[in-house]
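Okay, structure first, notes after.
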Amino acid sequence: MVHDTGPPDRHIGGVSGKRGGRPIEEETPTMSNQVLTILRDAVDATCVLTDPDVMTGYVRDWTGRFVGRTAAVVRPANTAQVAAVVQACAQHEVALVPQGGNTGLAGGGVPTRGEILLSLRGLSDILQVDVAAGQATVGAGVPVGVLREAASAAGLGYGVDLASRDSATVGGTVATNAGGLRVLRYGDTRAQLLGVEAVLGDGSVVSHLAGLARDNTGYHLPSLLAGSEGTLGVVTAVRVRLTPATRARAVGLIGLASVPDAVAAASLLRNGLPGLAAAELMLPPGIDLVMRACRLSPPLRGTHAAYLLVEVTGDAPGEDGAGGNGPLDILADAVAGLPGVADASLADDRPGREALWAYRERHTESINTCGTPVKMDVTVTPDALPSFVEAVPAAVRAVAPEASTWLFGHVAEGNVHVNVTGAAGVGERVEDTVFRLVAERGGSISTEHGIGTAKRRWLPLNRSPAEIAAFRRIKQALDPAGILNPNVLLPAL
Ligand SMILES: Cc1cc2nc3c(=O)[nH]c(=O)nc-3n(C[C@H](O)[C@H](O)[C@H](O)COP(=O)(O)OP(=O)(O)OC[C@H]3O[C@@H](n4cnc5c(N)ncnc54)[C@H](O)[C@@H]3O)c2cc1C
């Protein structure tokens, strides 16, 4: 059963028959028991969970919008066990859904149609932090925050950071090609990848983890698996590049006279400040909500039409050997030269920086206090962004008069997170309306959360029939039995 406002074809059926893997719940009880026996044989029997109470946390997504069910949660401890599970499922044509930290926001990591749930959290070893190479190899189940800590302990950093860092796994961020808060500086997860180990749909293991800085020997499987949302392979280990440690950073929260001013300011800062690491847009309703939900004081004097949260990294004052300015002075000078600035608060000490970041990072949890959200993350070009931000709330109101619309995002990349609460029963119409506004402006319906189950029917707004046909051929090649997450990403046939 799926609690969602969308149409049935998004969440029910579509995987029966020989191709596409069978959901275990549609089997006869005898067949279910047979599959459970096969799974128990493939891994240690204690790794196969069937207690409904224990499975609850695995079948419900972070937003509460997607709730599925499964006959079993399988928790392998190593790559060999993952391979054994996938091979058994392929032989018996049983569909499975890989899951990492279950923080995904597109409904792709829960078994909405009774698939077996394959949890990768047990692959949680930091296998190597290679300081000389500036790289790390980690198991797919390692949380992003743990990788970041391991890099930091070695005097290095990891370029991907997101508010879900304590739960989101490295494997999950590869599968969704997660972006996050510092894409502007370091790129998305795909940009960090030097190698991947994965189990393909037939149970075979592909592994290329040497981390050679240059390696032009054929197809780049890490790039293909990044963003494949568990449809092409189960990621079991990852080799990533690490970044130099950040010596000093400053954060500014800027109140501006208008959204176009905020977009223009983000462009000016990106073009003028080599150390700009983040630029996040927020609007008054979101700031007010975060203050109420998290009991925070107003960040600035008065209310402003738009807010820009920026972070600049660099050397500490004088550390460059030439007596140069630190990030705080650089940021203060830059903010002083921006048009439309009404007020700003800057900090370079850790508590001060974290206090300013809280207004942005706590948007997601604050929105959840208003009820189950319809979540969209879209990209439009910078010149289209102000008109898009203006158009969305009115367009949503036209199909969901009771709804509230919350907008924020990674403005330097043209990203807007569109969250709508109070749209029970009309979620699909809301999504359709917003995605069409995006498509009219030549934008993308998924910046970083992926397509999942939530958006698969709208993939044709962004991808041509020829591209989708090519996607299907790639899936057929790597997952011939069609058992890997068969109900995400590609539109139902
Ligand atoms: C508070 C909050 C803030 C967030 N901020 C951001 C943000 O700034 N940027 C951003 O991009 N995302 C963000 N997210 C979304 C989410 O954290 C990311 O999508 C993340 O990459 C999901 O990782 P996960 O381990 O939780 O994956 P899951 O949710 O478990 O799975 C997500 C998808 O990946 C697949 N998958 C998971 N693990 C594997 C594997 N090992 N092999 C193959 N497929 C796999 C699943 O089948 C599913 O399709 C946020 C979420 C929350 C709750």
Side-chain angles (χ1 to χ4, degrees), residues 57-64 66 68 76 79 82 86 95-112 115-124 138-147 160-184 188-190 196-201 225-238 278 280 360-368 373 375 377 408-410 413 415 417 419 446-456 478-479 484-489:
Y58 293 89
V59 299
R60 184 181 197 276
D61 84 327
W62 191 89
T63 66
F66 297 94
T79 303
V82 175
V86 174
L96 60 83
V97 174
Q99 187 185 87
N102 197 13
T103 65
L105 299 176
V110 289
T112 52
E115 301 92 334
I116 292 293
L117 193 295
L118 180 65
S119 169
L120 282 308
R121 281 183 234 175
L123 278 66
S124 57
V138 299
V142 171
V144 171
V146 171
L147 169 56
V160 174
D161 192 18
L162 59 184
S164 53
R165 61 183 77 80
D166 293 336
S167 302
T169 62
V170 174
T173 54
V174 171
T176 56
N177 187 27
L181 303 167
R182 294 189 180 78
V183 169
L184 183 58
D188 55 19
T189 300
R190 184 179 279 128
V196 158
E197 177 188 84
V199 177
L200 303 182
L225 289 166
S228 66
E229 302 186 49
T231 61
L232 300 181
V234 180
V235 176
T236 51
V238 177
E280 301 287 317
R360 166 61 183 86
E361 286 208 334
R362 302 192 73 177
H363 261 66
T364 308
E365 66 183 82
S366 301
I367 290 164
N368 261 26
K375 294 185 94 68
D377 77 311
F408 58 100
H410 315 302
E413 294 116 56
N415 163 249
H417 292 304
N419 286 211
S446 173
T447 307
E448 57 183 5
H449 295 163
I451 296 296
T453 52
K455 305 170 210 162
R456 59 196 292 234
L478 299 191
D479 177 24
L484 297 179
N485 232 356
N487 302 305
V488 310
L489 208 163

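Atoms within each ligand, like the ligands themselves, are counted from 1 in listed order. Not measured: the values here are computed from a predicted model.
No donor-acceptor distance shorter than 3.5 angstrom exists from the side chain of N485 to the backbone of G230, with no hydrogens or angles considered. Judged purely by atom type and a 3.5 angstrom limit, Q99 uses its side chain to pair as donor or acceptor with the backbone of G109. Proximity of a side-chain donor or acceptor of D188 to a complementary backbone N or O of E448 within less than 3.5 Å is not detected. No donor-acceptor pair under 3.5 Å is formed between the side chain of E229 and the backbone N or O of V488.
For the side chain to side chain contact (heavy atoms under 4.5 Å, CB included) criterion with V110, the lone passing option out of V59, V97, D61, L117 is D61.
Looking at G171, G109, A168, A198 and measuring to atom 39 (C) of ligand 1, the nearest heavy atom belongs to G171. Atom 11 (O) of ligand 1 has its nearest heavy-atom neighbour, among G179, S228, G233, in G179. Ranked by closest heavy atom to atom 34 (O) of ligand 1, the top entry among G139, S446, A175 is A175.
Applying the 4.0 Å criterion to heavy atoms of G172 picks out, from ligand 1, the atoms 21 (O), 23 (O), 24 (P), 25 (O), 27 (O), 37 (C), 38 (N). Below 4.0 Å from some heavy atom of T169 lie the following atoms of ligand 1, by number and element: 24 (P), 25 (O). Less than 4.0 angstrom separates some heavy atom of G230 from each of these atoms of ligand 1: 43 (C), 44 (N). Numbered from 1 in the order shown, with element, the atoms of ligand 1 that lie under 4.0 Å from a heavy atom of A178 read 11 (O), 21 (O). Within ligand 1, the atoms closer than 4.0 Å to a non-hydrogen atom of G108 are 46 (C), 47 (O), 48 (C), 49 (O), numbered from 1 in the order shown. Shown in contact with L105 at under 4.0 Å from a heavy atom are these atoms of ligand 1, numbered in order with element: 14 (N), 15 (C), 50 (C), 51 (C).
The proximity of T103 to ligand 1, defined as any non-hydrogen pair under 4.0 Å, involves the side chain as well as the backbone. Only the side chain of N485 comes within 4.0 Å of ligand 1, counting heavy atoms alone; its backbone N, CA, C and O stay farther away. At a heavy-atom cutoff of 4.0 Å, ligand 1 is contacted by no atom of E365, backbone or side chain.
Using a 4.5 Å heavy-atom threshold, the side chains of R360 and L181 count as touching. Between L484 and L96, some side-chain heavy-atom pair lies under the 4.5 Å cut-off. Within the 4.5 Å cutoff, side-chain heavy atoms of E361 are placed close to those of R165. Counting only heavy atoms from C-beta outward, the side chains of L118 and P76 approach each other to under 4.5 Å. Residues P373 and N368 meet the side-chain proximity criterion, which asks for heavy atoms closer than 4.5 Å.
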- Query: Taking it one step at a time, do H410 and V183 satisfy side chain to side chain contact (heavy atoms under 4.5 Å, CB included)?
  - Reply: CA-CA 9 Å; H410 315 302; V183 169; 5.9 Å; no

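For ligand 1, the polar-atom distance check finds an N/O of P98 within less than 3.5 Å of one of the ligand's N/O atoms. Considering backbone and side-chain atoms together, E448 places an N or O closer than 3.5 Å to an N or O of ligand 1.
When hydrogens are left out, the protein atom nearest atom 29 (O) of ligand 1 is G104 N, 2.7 Å; that is the closest non-hydrogen contact. Given atom 42 (N) of ligand 1, the protein heavy atom at minimum distance is V235 N, 2.8 Å. Among protein heavy atoms, atom 33 (C) of ligand 1 sits closest to T176 CG2, 3.6 Å. Counting only heavy atoms of the protein, atom 24 (P) of ligand 1 lies nearest to G101 N, 3.4 Å. Closest to atom 52 (C) of ligand 1 among all protein heavy atoms lies S164 CB, 3.6 Å. Of the protein's non-hydrogen atoms, the one nearest atom 5 (N) of ligand 1 is L162 CB, 4.0 Å. Among protein heavy atoms, the minimum distance from atom 28 (P) of ligand 1 is reached at N102 N, 3.6 Å. Here the heavy atom of the protein found nearest to atom 12 (N) of ligand 1 is H449 CD2, 3.5 Å.
No side-chain donor-acceptor contact under 3.5 Å links T447 and E413.
Taking every heavy atom of both residues into account, V234 and P98 meet most closely at CG2-CG, 4.2 Å.
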